[in-house]
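Here is the naming used below: chain letters follow the sequence lines, and residue numbers restart at 1 for every chain. These figures come from a predicted structure and were not determined experimentally.
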Number of protein chains: 2
Amino acid sequence: MIEARHLRVLRAVARGGSFSAAARALGCTQPAVSQQMKALEAAAGTPLLVRGPREMRLTQAGEALVRHADGILAGLAAAEEEVAAIAGLRAGRVRLASFPSGTPTLVPGAVAEMRERHPGTEVSLVEAEPPASVDLLRAGDCDITLAFRYPDLPTPAEESWDDLVVRPLLADRLVGVVPRGHALAGGGAPVDLAALAGERWIAGCPRCRGHLVEMCERVGFTPRIDFATDDYPAVTGLVAAGLGVAVLPRLALESVRSRGVAVVELRPAVHREVVALTLPDLAQVPAVDMMLARLTRAALGRA
Amino acid sequence: MIEARHLRVLRAVARGGSFSAAARALGCTQPAVSQQMKALEAAAGTPLLVRGPREMRLTQAGEALVRHADGILAGLAAAEEEVAAIAGLRAGRVRLASFPSGTPTLVPGAVAEMRERHPGTEVSLVEAEPPASVDLLRAGDCDITLAFRYPDLPTPAEESWDDLVVRPLLADRLVGVVPRGHALAGGGAPVDLAALAGERWIAGCPRCRGHLVEMCERVGFTPRIDFATDDYPAVTGLVAAGLGVAVLPRLALESVRSRGVAVVELRPAVHREVVALTLPDLAQVPAVDMMLARLTRAALGRA
DNA sequence: CTCCACCATAAGCATTACTTAGGCTTGCCC
DNA sequence: GGGCAAGCCTAAGTAATGCTTATGGTGGAG
């Protein structure tokens with residue numbers, strides 16, 4: 001089997017005209033070159049060089065091999081360069097999956113920073129809610145998934161993240177959203193969740209809805225849910241119209257401006273944990289690692 | 001440094017989808033593949049594979065490397081094939097240099113046999129007299145030189161063949177050429193060279209002329225040379241016209257038909273040694289070696 | 001829940017590759 | 001003409017590399 005090393009040596013000999021010159025060019029000793037050439041000629045089954053007293057000439061087979069060597073080594077160099085570019089963050093692609101309220105808040109800053117510091121890299125984004133977005137990750141369709149979970153809720157077995165790298169980003173406090181002018185809106189003091197037992201409710205995504213119900217039941221009531229939508233502007237709009245109250249994560253409210261609502265702290269204080277997920281192997285990929293760092297930094301800014 | 005072996009392994013893994021499958025395809029064990037990939041990833045500086053529980057996926061860097069690998073390995077295979085063709089006599093070129101009387105006698109049969117047995121090979125021919133033709137060989141401008149020397153003449157130092165491979169082909173007897181009807185022509189018995197002391201002489205090439213003079217002086221006379229030409233038909237023509245006698249090698253007479261001359265054996269019997277010369281390294285080249293064998297065989301047919 | 005297929009690691013072994021040291025040839029220069 | 005320098009080869013020792021067997025851990029399928 002001919003190896004790239006052999007071709008490098010042969011080419012150096014052909015260029016330099018002597019084993020010694022080749023050895024100098026390759027940064028090794030002359031016997032090393034001599035032995036490599038011997039091995040290569042053995043592999044070739046025919047002499048590749050004619051040792052003249054004054055110079056070293058190629059045989060026909062040697063010429064053929066040198067002719068191919070240039071192309072082969074050029075291809076190898078190109079391959080190495082491409083990989084080195086990815087390893088050195090001069091290139092590389094990161095495919096991000098994010099849940100809706102993370103997309104306008106955490107992602108833009110992180111991506112901008114990434115693009116600024118490593119202009120060769122590319123970041124693509126797809127929106128998906130946690131259970132599905134984690135599947136994207138496992139299926140190899142994305143590299144980083146932004147997801148969240150409620151730490152006070154038991155995790156179903158099929159949603160375990162044990163096999164993933166979990167990078168915590170921030171604890172996203174849940175707050176109450178009530179119509180402006182609501183009785184509990186004014187104080188600035190935390191509002192007991194139980195105090196909202198009699199209200200009508202606007203719930204969020206299925207997960208959030210489940211969590212809301214659980215949370216309420218812990219303090220002794222079952223919320224009466226009139227609407228459920230994962231469209232946050234819709235939620236605040238409904239609340240502003242006086243159709244009910246809601247519990248939303250702070251992150252969701254950051255990018256949703258609604259004039260007709262008031263935001264109140266809740267008691268007991270609960271939060272959802274926002275994390276970045278990736279596969280263990282992908283965490284070693286420089287662009288992915290760097291993107292995780294940028295996301296962490298972006299989250300820090302809003303902790 | 002990325003080696004071809006690494007790419008072979010990586011490609012096998014990409015094709016097979018698992019280390020085990022790759023190992024089977026490559027004819028080695030699974031840990032061997034595992035270790036090679038580890039080394040390759042270390043060289044690359046970034047993961048190349050994502051170990052999923054069910055299948056093995058490539059990272060972006062891995063894809064890049066596999067993409068290049070096909071071209072690189074194809075080039076390598078082409079190079080190996082070309083060299084193997086030369087080594088296996090399915091291709092290859094032999095550049096022959098021959099002296100004039102060897103060209104029409106030894107060369108055609110040998111070349112024909114070569115072409116028949118190894119159709120892919122090519123033989124080219126250039127005509128040159130011994131001192132110059134050996135220089136061609138040393139300068140790398142031919143691969144085999146047909147040459148001759150007079151074993152009873154001391155060899156000048158600058159014409160030594162000590163650094164060459166000398167393959168004896170045949171001993172080419174020298175014979176006398178006299179006009180038909182000459183007094184010494186009839187008998188069929190060997191003619192003493194001394195008996196030709198009084199004749200006028202037609203000499204051959206400079207070397208042959210020198211040898212003739214030396215030979216004659218050894219038996220006690222200096223030949224009176226009227227003409228000297230390396231054109232054998234001219235020599236026999238001059239002899240046939242009764243302008244003198246000549247001494248020619250048998251080989252030269254084989255391809256020169258002249259009706260007006262008689263050929264007589266000489267005493268003392270002398271000959272020139274016809275040899276094939278090549279460089280030690282070139283003798284290892286299959287096509288050259290085979291051509292030498294064919295030349296030897298062709299010479300045997302006329303020994 | 002047990003078996004099977006797969007991967008990782010460790011340890012041992014064989015091969016390979018490189019080094020230093022020394023000897024030979026050749027061409028060159030005093 | 002006799003060193004001298006440059007270049008190649010071989011030998012021997014050493015370091016690195018690659019492959020093997022053996023073993024343990026893990027996820028998926030019957």
Side-chain angles (χ1 to χ4, degrees), chain A residues 1-10 12-43 47-58 62 135 137-140 157-164 279-281 284, chain B residues 1-10 12-43 47-58 62 138-139 157-158 160-164 279-281 284:
Chain A
M1 273 302 149
I2 295 181
E3 288 297 326
R5 175 171 13 86
H6 294 136
L7 297 185
R8 284 186 245 271
V9 173
L10 176 64
V13 170
R15 282 216 227 282
S18 79
F19 284 8
S20 300
R24 283 190 292 270
L26 295 170
C28 65
T29 62
Q30 171 269 318
V33 173
S34 181
Q35 292 175 121
Q36 284 298 314
M37 285 303 309
K38 195 174 186 177
L40 181 55
E41 291 190 322
L48 302 173
L49 298 170
V50 178
R51 280 96 168 149
R54 205 59 203 138
E55 81 250 309
M56 201 68 96
R57 274 195 312 272
L58 291 167
D135 292 343
L137 183 64
R138 289 213 176 83
E158 71 272 16
E159 287 189 32
S160 163
W161 294 342
D162 288 350
D163 57 334
L164 302 177
L279 299 177
D281 288 326
Q284 307 301 318
Chain B
M1 274 298 150
I2 295 182
E3 288 296 326
R5 176 171 12 87
H6 294 135
L7 297 184
R8 283 186 246 273
V9 172
L10 176 64
V13 170
R15 282 216 226 282
S18 80
F19 285 8
S20 300
R24 282 189 294 269
L26 295 170
C28 65
T29 61
Q30 169 266 318
V33 173
S34 181
Q35 290 174 120
Q36 284 298 314
M37 285 305 308
K38 195 174 185 177
L40 181 55
E41 291 190 320
L48 303 173
L49 298 170
V50 177
R51 279 95 169 151
R54 203 63 201 133
E55 81 251 309
M56 201 67 96
R57 275 194 311 271
L58 291 167
R138 288 214 176 84
E158 71 272 17
S160 163
W161 293 342
D162 286 352
D163 56 334
L164 302 177
L279 299 177
D281 288 327
Q284 307 300 319

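- Where DNA chain D meets chain A (any atom under 4.0 Å from a heavy atom), the bounding nucleotides read 5' to 3' are D:dG7 to D:dT10.
- First and last contacts of DNA chain C with chain A, using any nucleotide atom under 4.0 Å from a protein heavy atom and ordered 5' to 3', fall at C:dA17 to C:dG27.
- Map B:D163 and B:S34 each onto its nearest nucleotide of DNA chain C; the residue landing nearer the 5' end is B:S34.
- Taking five base pairs at each end of the helix from C:dC1-D:dG30 to C:dC30-D:dG1 and finding the rotation axis that steps the C1' atoms of four pairs onto the next four gives two axes whose angle is 10°, to the nearest 10°.
- We find that B:R57 and A:D281 are not joined by a salt bridge, their nearest charged nitrogen and carboxylate oxygen being 4.0 Å or further apart.
- Across all strands shown, A:S18 has heavy atoms under 4.0 Å from sugar-phosphate atoms exclusively, and none from any base.
- The two residues A:R138 and A:W161 have their closest heavy-atom pair at NH2-CA, 4.3 Å.
- With sequence neighbours excluded, the residues forming a salt bridge (charged side-chain N to carboxylate O under 4.0 Å, His left out) with A:R8 are B:E3, listed by chain and number.
- At the heavy-atom level, A:S20 lies under 4.0 Å from the strands shown only through sugar-phosphate atoms.
- Contacts classified as salt bridge (Lys or Arg N to Asp or Glu O under 4.0 Å) and involving residues 31-42 of chain A (residues at least two apart or in different chains) are given here: A:E41-A:R51.
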Please tabulate, one pair per line, all N/O donor-acceptor pairs under 3.5 Å involving side-chain atoms of residues 26-36 of chain B, not counting sequence neighbours.
from, atom 1, to, atom 2, distance (Å)
B:Q35, NE2, B:P31, O, 3.4
B:Q36, OE1, B:R5, NH1, 3.3
B:Q36, OE1, B:H6, NE2, 3.4

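- Among the protein residues, B:Q36 comes within range of the sugar-phosphate backbone only, with heavy atoms under 4.0 Å from sugar or phosphate atoms but none that close to a base.
- Across all strands shown, A:M56 has heavy atoms under 4.0 Å from sugar-phosphate atoms exclusively, and none from any base.
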